[in-house]
Amino acid sequence: MIQLTLYTTLGCHLCQQLEGLLAQLSREPIGLERVEISEDDLLLARYGVRIPVLMDAAGNELDRGFEPERLAAWLEARGWLDDKAWQALRRRLNGEDEAPEACGSIMRGGRRYLS
């Protein structure tokens, strides 16, 4: 299990986005210790404008891990990236994987209608 620390604060939607990407792109289960920065003036000064920040056991930090490319590169550098999951996510982000055609529907003028 990969042990990471996430510097966060209550209601951080970017932190939630990072957690979702992390679960999706990691090749191993993640043990995530969440550290609330608003309760500590030193942490707030250090991370207040940088959250979410991930830290590995060696103390290496990743700012803006909610950006898929940054997170994938960080995980890959540590041997933790699930390459197949990353390739699938990249295809979706680039619009290369389209949703399957719904049964019982037809496309007209770029719109889907039930048949």
* Inter- and intrachain pairs under ring-ring contact (aromatic ring centres under 6.0 Å, His included), touching residues 8-37, at least two apart -> none
* To do: Would you list the pairs meeting disulfide (SG to SG under 2.5 Å) in which at least one residue belongs to residues 12-67, sequence neighbours left out?
  => Cys12-Cys15
* Heavy atoms, side chains only, cut-off 4.5 Å: are Pro52 and Thr8 in contact? -> no
* Asked: For Glu36, what residues pass the side-chain hydrogen bond (donor to acceptor under 3.5 Å, both in side chains) criterion, not counting sequence neighbours?
  -> Thr9, Ser38
* To do: Not counting sequence neighbours, list each pair that qualifies as a salt bridge (Lys or Arg N to Asp or Glu O under 4.0 Å) and has a residue in residues 3-32.
  => Glu19-Arg34
* Got a sec, which pairs hit salt bridge (Lys or Arg N to Asp or Glu O under 4.0 Å) with one end in residues 70-82, sequence neighbours left out? -> Asp56-Arg78, Glu67-Arg70
* **With Ile30 via side-chain contact (heavy atoms from CB on, under 4.5 Å) - residues at least two apart** => Ile2, Leu4, Leu22, Ser26, Leu32
* Partners of Asp63 by side-chain hydrogen bond (donor to acceptor under 3.5 Å, both in side chains), sequence neighbours excluded? -> Arg50
* To do: Could you check if a side-chain atom of Val53 sits within less than 4.5 angstrom of a side-chain atom of Leu6, using non-hydrogen atoms only?
  => no
* What's the verdict on side-chain contact (heavy atoms from CB on, under 4.5 Å) for Thr5 and Leu54, showing C-alpha distance, side-chain angles and the deciding distance? -> CA-CA 6 Å; Thr5 301; Leu54 267 181; over 6 Å; no
* Where at least one partner belongs to residues 38-93, residue pairs that pass ring-ring contact (aromatic ring centres under 6.0 Å, His included), sequence neighbours excluded -> Tyr7-Tyr47
* Please examine the side chains of Glu33 and Val35, heavy atoms only from C-beta on, and report whether any two atoms are closer than 4.5 Å. => yes
* To do: Nearest 0.5 Å please: distance from the CG atom of Leu14 over to the CZ atom of Arg64.
  => 11.0 Å
* Sequence neighbours excluded, which residues qualify as side-chain contact (heavy atoms from CB on, under 4.5 Å) partners of Ala57? -> none
* **Approximate separation, where rounding is to 0.5 Å, of Gln24 CD and Leu71 CG** => 10.0 Å
